[in-house]
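In what follows, a structure is listed as structure tokens, so that the remarks can point back to it.
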Amino acid sequence: MQIATWNVNSIRTRLDQVQAWLKDAQPDLLCLQETKVDDPLFPHEVFEAQGYQVHFHGQKAYNGVAIVSRQPLEDVRRGFTGELPEDAEALQLGEQKRVISALVNNIRIVNAYVPNGSALKSEKYPYKLEWLSCLNRYLCAQAKRDEPLCLVGDFNIALEARDIHHPELLTGGIMASELEREALLKVLGDRLHDVFRVFEPDANHWSWWDYRSGAWDRDQGWRIDHIYLCDELLSQARSCVIHKHLRGHEKPSDHAPVSVDLNWTPTDDDEEMSELFSN
DNA sequence: ATGGCTATATGGTATAGA
């Protein structure tokens, strides 16, 4: 089972490229961020014509997340409210459409678009920290159902020096500051693991290149798009790849897709039942 | 370097991204 994540920076602008990549890479599941479209305008027919179903949680102009899937999704949850119905802060933080979750092949997929934070002195920076704290509570509430967990998305945080093109210049600044790193590490706890690092220890592997300053031509990027797996799923991971070449296309997203290949056979409900009754 | 580039909502510029 192949699971992918991609910040597309507008699904409508990137629609042809997303269709082409689905056809080429054939992921079972694709989590999108920054769809930048209100739900009634989401171009779902195009995905359905390609043999995928898509569930989305978006808004006009900013943010927006979606899950594209070959297999039917169950228990789709939009925003934090599905897990934290009585949490006032969650309701407020949920006004920006940044998280969607679902069950597929018995895996709990959580697709997150973490706030950028803008700058350390911006009011958006404490918002980013609060949002991460809320994501932590959300995943703690989710954990009670004991489902195998896969957390993916655009985290807007590089956790280590090897995830940044010039760590000596950029460490401590936005996307690489101590507080936001601590907040993300708290979300991960000892439950979730960055599967990319299981296969690739070296620097110079980026998922985002700034549109400005010739960052792509200089290969000056950051690795801020991640796939996190629980132990059970991590033990079944065959590979994890950043599909860098898409950043080189005409009119690209500033992010490249990231995917993981899992040795994971969908558990058939009927088989589970027959096992149950054969005992 | 508060620059650089791109997308959206607009109908000349403003906001946001990262």
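Order of the sequence lines fixes the chain letters, A, B, ..., with proteins taken first and strands second; residue numbering starts at 1 for each chain. Worth knowing before you read on, the calculation uses all heavy atoms, side chains too, and leaves out hydrogens, waters and symmetry mates.
Residue A/Tyr113 is classed as a sugar-phosphate contact, given heavy-atom separations below 4.0 Å to backbone atoms only. Across all strands shown, A/Trp222 has no heavy atoms under 4.0 Å from either base or sugar-phosphate atoms. Residue A/Arg223 is out of contact with every strand shown, counting any heavy-atom pair closer than 4.0 Å.
In this structure, A/Ile174 atom CD1 and B/dT2 atom C1' are separated by 14 Å, rounded to whole Å. Rounded to whole angstrom, the span from the CG atom of A/Leu184 across to the C1' atom of B/dA18 amounts to 16 Å. The CG atom of A/Asp163 sits 15 Å away from the C1' atom of B/dA18 (whole-angstrom rounding). Remark: C1' of B/dA16 and CE of A/Met175 are 14 Å apart, rounded to the nearest angstrom. Distance A/His249 NE2 to B/dT6 C1': 18 Å, rounded to the nearest Å. The nearest whole Å value for the distance from the CG atom in A/Asp210 to the C1' atom in B/dA7 is 14 Å. Note: CG (A/Asp217) to P (B/dG4) measures 17 Å, nearest angstrom. Atom pair A/Lys36:NZ and B/dA9:C1' shows a separation of 11 Å (rounding to whole Å applied).
Between A/Asp154 and A/Arg98 there is no salt bridge, since no side-chain nitrogen of the basic residue lies less than 4.0 Å from a carboxylate oxygen of the acidic one. With respect to the salt-bridge test (charged N to carboxylate O, under 4.0 angstrom), the residues A/Asp75 and A/Arg108 qualify. Here A/Lys97 does not pair with A/Asp38 in a salt bridge; the nearest charged N to carboxylate O distance is not below 4.0 Å. Taking a cutoff of 4.0 Å between a charged side-chain nitrogen and a carboxylate oxygen, A/Arg14 and A/Glu34 do not qualify as a salt bridge. By the 4.0 Å N-to-carboxylate-O rule, A/Arg137 lies close enough to A/Glu89 to be salt-bridged with it. Salt-bridge formation is not detected for the pair A/Asp254/A/Arg247: no Lys NZ or Arg NE/NH1/NH2 atom is positioned less than 4.0 Å from an Asp or Glu carboxylate oxygen.
Distances were taken from every side-chain heavy atom of A/Ser213 (C-beta onward) to each of B/dA7, B/dG4, B/dA18; the shortest belongs to B/dG4. Taking only side-chain atoms of A/Asn63, from C-beta outward, the nucleotide of B/dG17, B/dA18, B/dA9 with the closest atom is B/dG17. Among B/dG17, B/dA18, B/dT15, the nucleotide with an atom closest to any side-chain atom of A/Tyr62 is B/dT15. For A/Arg14, taking side-chain heavy atoms from C-beta onward, the closest of the listed nucleotides B/dA9, B/dA7, B/dA18 is B/dA7.
When the nearest nucleotides of DNA chain B are assigned to A/Pro115 and A/Tyr211 by heavy-atom distance, the more 5′-ward of the two goes with A/Tyr211. With DNA chain B read from its 5' end, the first of the two nearest nucleotides for A/Glu34 and A/Lys60 is the one closest to A/Lys60.
Near-neighbour residues of DNA chain B inside residues 4-13 of chain A, defined by a heavy atom below 4.0 Å, number-ordered: A/Asn7, A/Asn9, A/Ser10, A/Arg12, A/Thr13. Proximity of residues 121-130 of chain A to DNA chain B (heavy atom under 4.0 angstrom from any strand atom) is restricted to A/Lys121, A/Lys124.
For the pair A/Trp208 and A/Met175, the minimum side-chain heavy-atom distance is below 4.5 Å. A/Phe196 has its side chain out of reach of A/Tyr228: every pair of non-hydrogen atoms, C-beta onward, lies at least 4.5 Å apart.
Checking the phosphate oxygens (OP1, OP2) of B/dG17, a side-chain nitrogen or oxygen of A/Arg98 falls inside 4.0 Å. The side chain of A/His255 places an N or O atom within less than 4.0 Å of a non-bridging phosphate oxygen (OP1 or OP2) of B/dA18.
Ring planes of A/Trp6 and A/Trp21: perpendicular class, angle over 60° (limits at 30 and 60°).
In this structure, B/dG4 shows a glycosidic angle within 90 degrees of zero, which is the syn conformation.
The C1' atoms of B/dT13 and B/dA1 are separated by 23 Å, rounded to the nearest whole Å. Taking atom P in both B/dG11 and B/dT15, one finds a spacing of 14 Å when rounded to whole Å.
No donor-acceptor contact under 3.5 angstrom links the side chains of A/Asn9 and A/Ser253, judged on distance only.
Taking the six-membered ring wherever Trp is involved, the centroid distance between the rings of A/Trp131 and A/Phe80 falls below 6.0 Å.
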